[in-house]
Amino acid sequence: MPSESEPCSRINRLSAAAFARPKTSFINALYGRTDIMHWADVVAKELADKYDQPLIATGISPTGIIHVGSLREAITGESVRSAVEGLGKDVRLIYLIDSFDPLRKRYDFLPESFEQYVGMPISRIPCPCGKHMNYAHHFVQPFLDALESLGVKCDIIWTHELYDQGRFAECIDMAMRKRKEVIRILHEVTGKAGDPNYAPYNPVCEKCGRFTSPVFDTYEYPIMEYRCNCGHCGHADVTKGDGKLTWRLEWPAKWKIFGTGAEPFGKDHAAAGGSYDSGKRIVREIYDGVEPYPIPYEFVQLKGVGQMHKSLGSPVTGLDAINMTPPEILNYLFLRVNPERHIDYDSGLGMLDMADEYDRMERIYFEGGGNGTDENSVRAYELAQHNHVPGGMPLQVPYRHLVNVVQMADDFEGVIEILSRTEEMSKANEEDIGRLRRRSECVRYWLNGFAPDSVKFYIADTVPCVELSMVEKVYFQALIPKVMDCNWDADTIGGIVADTAKESPIGSKKGYQALYKILIGKTSGPRLGSFIASMDRNFVMNRLIQASQ
RNA sequence: GGGCCUGUAGCUCAGCUAGGUAGAGCAUCUGACUUUUAAUCAGGUGGUCAAGGGUUCGAAUCCCUUCAGGCCCGCCA
């Protein structure tokens with residue numbers, strides 16, 4: 001067994017005494033399987049065995065802009081929630097918004113006037129845009145929207161309200177009374193010199209509104225005196241929102257208050273001597289509670305940033321990721337690998353691979369045919385639906401194909417129209433259309449900012465600069481009279497193009513390439529019949545005439 | 001300085017708990033498909049499992065060392 005100081009080892013080797021993992025053979029026997037379970041099921045099993053009404057906690061500190069990793073945390077929590085739900089348990093996922101955290105500094109994206117708010121709780125700082133209740137609300141709202149679209153089913157809890165309601169009062173009191181012990185624990189866990197003036201609780205100055213330090217000796221529940229740097233002396237009531245616990249003390253206090261059974265958190269907290277280690281001792285020795293099953297996860301890195309953004313020097317933000325990744329695929333992206341594995345979020349061609357893989361898992365789920373190595377991924381697909389797997393095989397439009405179609409159409413109606421030419425769209429139900437619409441929006445966002453040029457095309461105004469052989473010109477000449485007065489529809493054009501190429505010396509394959517060359521300057525492109533049919537006949541005629549000279 | 005995670009095919013990753021002939025998908029190549037072309041199907045190529053040592057009849061898997069990448073160590077996930 002690893003030692004207690006390795007909370008970030010593989011989750012299935014976690015050493016927390018209360019969570020000794022059952023033998024896999026036992027789990028497999030239980031499920032009648034011989035393979036290895038998905039990690040979310042492993043955690044779910046632990047929780048279901050230990051709690052009647054398991055509670056999973058997760059959260060965010062919305063002091064600044066959201067990043068992709070925050071989504072990983074939420075999705076990790078939700079996947080465990082739905083896995084526990086699948087075991088028939090009454091399970092709850094709470095989402096704690098750390099709205100009472102102080103603003104640590106004036107970030108670059110904030111106007112200079114926000115300098116005055118540094119050190120104040122973000123629930124009491126005005127909204128930068130004026131449309132939200134406060135600073136915290138402003139930054140967390142897009143994220144809450146994302147949770148909604150990702151299908152994360154959680155109860156939103158604002159930390160500043162918990163303080164207002166006095167929910168932390170008991171823990172604050174215990175932390176203050178056992179302050180010396182707290183300092184000793186922090187010293188032992190972090191290995192750093194104990195600070196005798198360490199304050200587990202910081203009151204908010206009623207005059208300047210900033211967090212400050214308390215006067216220890218005069219503390220008598222529930223009143224704490226403080227002397228603020230601004231010169232003001234006052235009293236804080238720990239049963240009201242007059243101050244907050246420091247992070248190392250606040251986290252375990254939340255475990256105690258909610259009886260948290262499991263919680264995903266970034267590996268920063270999981271480091272030896274980090275806040276999970278100290279929290280584990282504080283919740284037991286100070287608050288008389290129990291620590292949750294830890295689900296440490298690795299960070300998400302960004303990769304393959306599109307050229308357009310790279311040249312502008314702007315990175316992929318969490319909102320970009322939400323906007324360019326269909327929600328079900330983003331869920332899947334985080335569930336297909338173990339939490340301790342870092343993920344390269346690929347905003348380039350990897351996006352297409354991921355979408356294709358998701359669709360493939362969907363087919364295996366409904367139609368079978370997968371092999372052993374797919375099993376974990378199929379379960380990830382299932383979990384990505386949060387227990388709402390479609391009743392039957394949904395309509396699938398290959399993602400790469402959609403990338404072409406979106407570029408040919410002006411809007412979503414156009415996408416449907418183009419797809420209808422080759423796909424029986426009438427059998428699509430409301431959910432199919434909804435998903436298709438969402439995917440089309442994502443594709444468009446992706447094309448606009450992140451897609452590599454190789455997948456983009458546009459119809460050149462004039463003949464592109466390409467070498468044209470005699471054979472190709474002969475082919476164009478043969479096409480001109482046929483295209484001049486034929487029916488202008490995809491099938492007819494497709495037939496003409498194919499037949500003419502076959503009859504001409506150029507042959508089928510080269511014929512297609514020649515046409516793509518003069519239309520979009522590449523040797524491949526969208527399915528040619530419908531592609532040409534979507535253009536104006538005179539335009540096509542002129543192009544052929546010019547190119548054949 | 002201390003610690004964690006990762007390293008398996010060109011790419012993304014399974015496989016490691018319980019040692020037993022190296023696996024998928026994508027990409028690539030080949031061949032089919034007489035409405036054919038970025039939407040189908042079949043097959044093939046491709047790995048010194050980061051490197052070295054140890055334990056073992058047998059190691060991608062367990063142990064040790066090294067290298068590389070990422071990250072944490074009183075609040076960025």
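Quick note on labels: first sequence line is chain A, next is B, and so on, each numbered from 1.
As rounded to the nearest Å, G46(B) and G2(B) have C1' atoms that lie 42 Å from one another.
Note: CG (L528(A)) to C1' (U36(B)) measures 10 Å, nearest angstrom. Between the C1' atom of U36(B) and the CD1 atom of I532(A) lies a distance of 14 Å, rounded to the nearest Å. One can place CG of L96(A) at 14 Å from P of A77(B), the figure rounded to the nearest angstrom.
A donor-acceptor contact under 3.5 Å is not formed by the side chain of R104(A) with the base of C76(B).
Residue contacts shown for R72(A) are absent, as no nucleic acid heavy atom lies under 4.0 Å away. Contacts of D356(A) with the nucleic acid, taken as non-hydrogen atoms under 4.0 Å apart, are absent.
Checking the phosphate oxygens (OP1, OP2) of C26(B), no side-chain nitrogen or oxygen of R400(A) falls inside 4.0 Å. Applying the 4.0 Å criterion to OP1 and OP2 of A14(B), one finds that R341(A) has a side-chain N or O inside that range.
Aromatic rings from Y512(A) and Y475(A) are positioned such that their centres are separated by 6.0 Å or more.
Cation-pi geometry between R439(A) and Y399(A) is not met at under 6.0 angstrom from the ring centre and within 45 degrees of the axis.
The 5' end of RNA chain B is approached more closely, in terms of each residue's nearest nucleotide, by V337(A) than by the other of G274(A) and V337(A).
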